[in-house]
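Take a look at the structure below.
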Amino acid sequence: MTAKTMHQPEADLRAKLTALAERYEEIVDRAPRHPQWLYIDPLTPGQRAEHDRAVAYRNAARAIRSILRDGQLPHDLTDTADLEQHDTDR
């Protein structure tokens, strides 16, 4: 195995994760925008669900890009076992 082919799986994974983040961002861009504080009437359950989904996709895309950039899980995504393994307090 050469040095070039040894890094190919990582490059493939990075490309797939980047494509996933881009897809999530496209979904968020197409989602209707429901300004949280500008409505006199509260959001309907359907509007609230759309808003919540958009927030979840936006956060997922941000987390993927953070992982690709830093090479580590964002602190809010790590679980207690990961934190204890690395002797890090929450």
Side-chain angles (χ1 to χ4, degrees):
M1 181 178 263
T2 66
K4 183 178 180 181
T5 58
M6 185 170 27
H7 297 292
Q8 191 59 37
E10 181 181 348
D12 290 344
L13 180 59
R14 285 183 165 277
K16 289 175 184 175
L17 287 172
T18 300
L20 179 62
E22 289 170 357
R23 179 71 178 127
Y24 284 166
E25 290 163 347
E26 288 173 11
I27 290 169
V28 171
D29 289 343
R30 286 194 320 244
R33 302 219 182 259
H34 301 293
Q36 195 171 8
W37 309 111
L38 297 180
Y39 283 106
I40 295 171
D41 297 328
L43 296 176
T44 66
Q47 289 172 325
R48 172 60 56 197
E50 287 175 338
H51 173 76
D52 292 346
R53 274 193 305 275
V55 168
Y57 279 120
R58 189 176 296 111
N59 289 342
R62 189 177 300 126
I64 290 169
R65 294 213 183 270
S66 174
I67 291 166
L68 289 171
R69 182 184 59 246
D70 301 335
Q72 298 177 355
L73 281 175
H75 193 268
D76 58 328
L77 294 181
T78 55
D79 63 14
T80 305
D82 290 333
L83 294 172
E84 288 173 356
Q85 177 184 357
H86 297 290
D87 196 29
T88 305
D89 292 330
R90 267 191 177 234

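Fair warning: this is a prediction, and the values are worked out from it, not measured in the lab.
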* With the side chain counted from C-beta on, respond yes when R62 and E25 share a heavy-atom pair under 4.5 Å apart, and no when they do not. => no

* Asked: If two hydrophobic side chains count as joined below 4.5 Å and joins carry through other members, does Y24 share a cluster with V55?
  -> no

* **Pair R53 + E50, salt bridge at N-O below 4.0 Å** => no

* **Shared hydrophobic cluster, I27 / L20 (ILVMFWY, side-chain heavy atoms < 4.5 Å)** => yes

* Return the minimal non-hydrogen interatomic distance between A61 and A21, and the atom names on each side. => CB-O, 3.8 Å

* Would you give the length of the straight line joining atom OG1 of T44 to atom NE2 of H51, rounded to the nearest 0.5 angstrom? => 12.5 Å

* Structure fact -> Shortest non-hydrogen pair, L68 vs R14, comes out as O-NH1, 3.0 Å

* To the nearest 0.5 Å, tell me how far D12 CG sits from E10 CD. => 10.0 Å

* Please report the closest heavy-atom contact between L17 and I64, naming both atoms and the distance. => O-CG2, 3.4 Å

